[in-house]
Amino acid sequence: MTAPLRTDPSTVTVALGARSYDIVIGRGLIASLGARIAALRPAAKVAIVADENVARYHLAAAEAALADAGIAANRIVVPAGEGSKSFGMFEHVCEAIISARIERGDLVIALGGGVVGDLAGFAAAVVRRGTDYLQVPTTLLAQVDSSVGGKTAIDSTHGKNLIGAFHQPILVVADTATLDTLPERQFRAGYAEVVKYGLLGDAAFFTWLEANWRAVYAGGPAREHAICVSCRAKAAIVQRDERESGERALLNLGHTFGHALEAACGFSDRLLHGEAVAAGMALAFGFSARQGLIPATEAERAIRHLAQVGLPTGLQDIAGELPTVNRLLELMAQDKKVMRGMPTFILARGIGAAFVARGVEADDVRIFLGEKLAGR
Ligand code: GLY
């Protein structure tokens, strides 16, 4: 990696008492990994979990940074893709961490995107009944969402992320230079989660994104600003509701509709998670307008920005067959946010004014989605 090392990374603190940690954001930060770990955990040993793709681009740089600080590191490389969030791969990673003699006081590093963060984080949560770990997210989606907040999980045959634990990292190091090697489609999918923070609670940030999204895509200070604002927004919500008993559910804006679409597409490259969230947010705003909660022009504005940046905004943008409306409702009901059989919807009273909607009528959703399916 040839990224110049900036001297002024930004820091966002997730204030959770004894479980507080920093998110450090800046270009070239992988080079500082060894020094940061030596300062936090002198004499710790480390096991780095990465997938094959990330290992090719960033593992050598991470290992060199650790070696420079005299830190011994073992590598655990897993196949790329959601398939690695399986019981089999989870067992493999746990056994590899144990055979690397990672003990209490040592560290696991999750180097990669959401899959590796979830898998390695969950392994760290249970090995020796809890081992400390660092997140080193290398995708935009992981830098603004999945590496922050301590949700870790693997998948069940019944659904995604159904087996997991809350386990906060001790540090998040978001090296924005790692985004240089990200395929544009992956970057765009991660951008959906950035837009989410504007749509759910920060209208001024959404307006800023409308004006500056090209600069965010291009890289540089605008991109770092967007990542910092996103992490600050997430940190603030997680601080108030670490275990999602209330307000944290707002972070699921777009996820109830999106999850059903992602499941309908087999959690495959046909529809990436961030793309499903974008389509889901567009549907949530459209449904909010239909319910009379938000003026149609406001919903159209939200949807227009998602379309403008190249993200899907509904069923019409998903290629290939989609299941019936009843099947889509069934898929929503398999979401882990289901309470007494009914999924939780995050709806909006305006841009930047999302809320947790209880008691949404299944028939209203059925009619709304039925029309969208018919209009494809
Ligand atoms: N990705 C949603 C959350 O962390 O709560």
Side-chain angles (χ1 to χ4, degrees), residues 12-16 19-21 23 82 85 110 112-122 124-125 133 135 137-155 159-169 172 174 186 189-202 226-227 229-263 267 272-281 284 332 334-339 343-348 354-357:
V12 175
T13 300
V14 186
L16 290 169
R19 295 181 308 289
S20 297
Y21 55 95
I23 308 161
E82 187 72 25
K85 284 172 60 176
V115 167
V116 159
D118 282 2
L119 173 68
F122 186 40
Y133 77 115
Q135 291 274 14
T138 59
T139 64
L140 181 60
L141 190 137
Q143 291 187 356
V144 299
D145 181 36
S146 59
S147 70
V148 176
K151 280 188 180 174
T152 71
I154 58 170
D155 300 335
K160 211 174 138 170
N161 293 333
L162 289 177
I163 304 147
F166 285 97
H167 185 49
Q168 300 292 346
V172 179
Q186 293 278 353
Y191 181 81
E193 299 276 4
V194 175
V195 178
K196 183 183 81 176
Y197 294 107
L199 289 178
L200 78 85
D202 188 344
I227 294 171
V229 173
S230 301
C231 288
R232 269 204 299 272
K234 179 148 188 184
I237 291 176
V238 169
Q239 282 162 200
R240 293 193 291 266
D241 179 21
E242 185 182 2
R243 288 184 163 248
E244 200 172 305
S245 46
E247 187 190 357
R248 185 166 178 167
L250 292 177
L251 296 172
N252 297 325
L253 175 63
H255 285 63
T256 303
F257 287 111
H259 175 90
L261 298 175
E262 214 181 343
F267 297 104
L272 302 178
H273 175 70
E275 293 170 340
V277 169
M281 290 192 295
M332 279 182 202
Q334 278 170 12
D335 193 284
K336 65 187 170 323
K337 277 94 61 183
V338 168
M339 275 178 81
T344 303
F345 287 89
I346 310 303
L347 301 180
F355 68 101
V356 182

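Here the structure is a predicted model, which means the values were calculated and not measured. All ligand and atom numbering here is 1-based and tracks the order in the structure.
From Thr256, atom OG1 reaches atom CG of Leu261 across 11.0 Å, with rounding to the nearest 0.5 Å. The CD1 atom of Ile237 lies 5.5 Å from the CG atom of Leu250; values are rounded to the nearest 0.5 Å. Here CG of Asp241 is found 9.0 Å from CG of Leu251. Values are rounded to the nearest 0.5 Å. In this structure, OH in Tyr197 is found 5.0 Å from NZ in Lys234, a value given to the nearest 0.5 Å.
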(message) Go through it in stages, so that I can follow the logic: the residues are Tyr133 and Thr152, the test is side chain to side chain contact (heavy atoms under 4.5 Å, CB included), and I'd like the CA-CA distance, side-chain angles, deciding distance and then a yes or no.
(response) CA-CA 11 Å; Tyr133 77 115; Thr152 71; 3.6 Å; yes
Would you tabulate the polar-atom pairs, meaning N/O of ligand 1 against N/O of the protein, with distances under 3.5 Å, reported to 0.1 Å?
unit_1: ligand 1; atom_1: 1 (N); unit_2: Asp145; atom_2: OD1; d: 3.0
unit_1: ligand 1; atom_1: 1 (N); unit_2: Asp145; atom_2: OD2; d: 3.2
unit_1: ligand 1; atom_1: 4 (O); unit_2: Lys234; atom_2: NZ; d: 2.5
unit_1: ligand 1; atom_1: 4 (O); unit_2: Arg248; atom_2: NH2; d: 2.8
unit_1: ligand 1; atom_1: 5 (O); unit_2: Lys151; atom_2: NZ; d: 2.8
unit_1: ligand 1; atom_1: 5 (O); unit_2: Arg248; atom_2: NE; d: 2.7
unit_1: ligand 1; atom_1: 5 (O); unit_2: Arg248; atom_2: NH2; d: 3.3

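Residues satisfying the side chain to side chain contact (heavy atoms under 4.5 Å, CB included) test with Arg232, not counting sequence neighbours, are Val12, Cys228, Val229.
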